[in-house]
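Please read these numbers as outputs of a predicted model, since none were measured by experiment. In what follows, residues are counted from 1 in the order of the sequence shown.
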Amino acid sequence: IGSGVWFILRGARRVGAMVVNAPPEESALERVAPELLAPRLAGVRAHATRRTRAWVRDAYAAGTRRPALTPLLVLALLLLAVEAIAVRTTRTNAA
């Protein structure tokens with residue numbers, strides 16, 4: 001088996017991937033200097049820190065934003081209720 005990424009197919013659809021014989025340097029779990037990391041992110045807004053406490057604070061601060069899903073679900077339910085009322089009133093008026 002050659003090295004590289006092998007894709008797992010189910011029919012014609014790609015359902016997974018497996019890396020085979022990856023170079024050892026890809027598994028090196030060491031900290032990358034912020035000045036080396038910035039070009040790799042290619043313009044993505046990111047913040048790098050060398051201190052553990054600041055990293056933990058930033059990681060938890062990212063999850064404090066309100067999700068957009070809840071207001072969208074409430075809006076969908078309101079629209080369904082309005083539609084049900086509109087259909088009900090037009091049927092009683094037509095009969």
Side-chain angles (χ1 to χ4, degrees):
I1 294 179
S3 63
V5 179
W6 292 76
F7 296 105
I8 302 165
L9 303 174
R10 182 176 291 151
R13 196 172 130 217
R14 189 182 306 174
V15 295
M18 183 172 31
V19 177
V20 178
N21 296 330
E25 59 271 6
E26 287 188 10
S27 297
L29 300 176
E30 57 191 30
R31 192 176 298 251
V32 177
E35 51 276 356
L36 294 175
L37 184 60
R40 289 184 180 186
L41 296 176
V44 175
R45 192 175 63 137
H47 174 72
T49 182
R50 296 184 189 273
R51 292 177 286 152
T52 304
R53 286 184 183 225
W55 182 84
V56 171
R57 183 195 65 231
D58 291 344
Y60 283 107
T64 59
R65 296 184 190 100
R66 292 183 61 186
L69 184 60
T70 304
L72 291 175
L73 287 175
V74 170
L75 178 64
L77 288 173
L78 286 173
L79 289 173
L80 284 172
V82 168
E83 181 185 17
I85 291 169
V87 168
R88 188 175 193 190
T89 56
T90 55
R91 282 191 182 170
T92 56
N93 291 340

CD/E83 to CZ/R88 distance, rounded to the nearest 0.5 angstrom?
14.5 Å
Please find the pair of heavy atoms, one from A17 and one from V5, that lie closest to each other, and give the distance.
CB-CG1, 4.0 Å
Rounded distance (nearest 0.5 Å) linking atom CZ of F7 with atom CZ of R14:
4.0 Å
Identify the heavy atoms of L9 and V15 that sit nearest to each other, and give their distance.
C-CG2, 4.2 Å
Please find the pair of heavy atoms, one from V19 and one from A22, that lie closest to each other, and give the distance.
CG1-CB, 3.6 Å
CG on L80 to CG on L75, rounded to 0.5 Å
9.5 Å
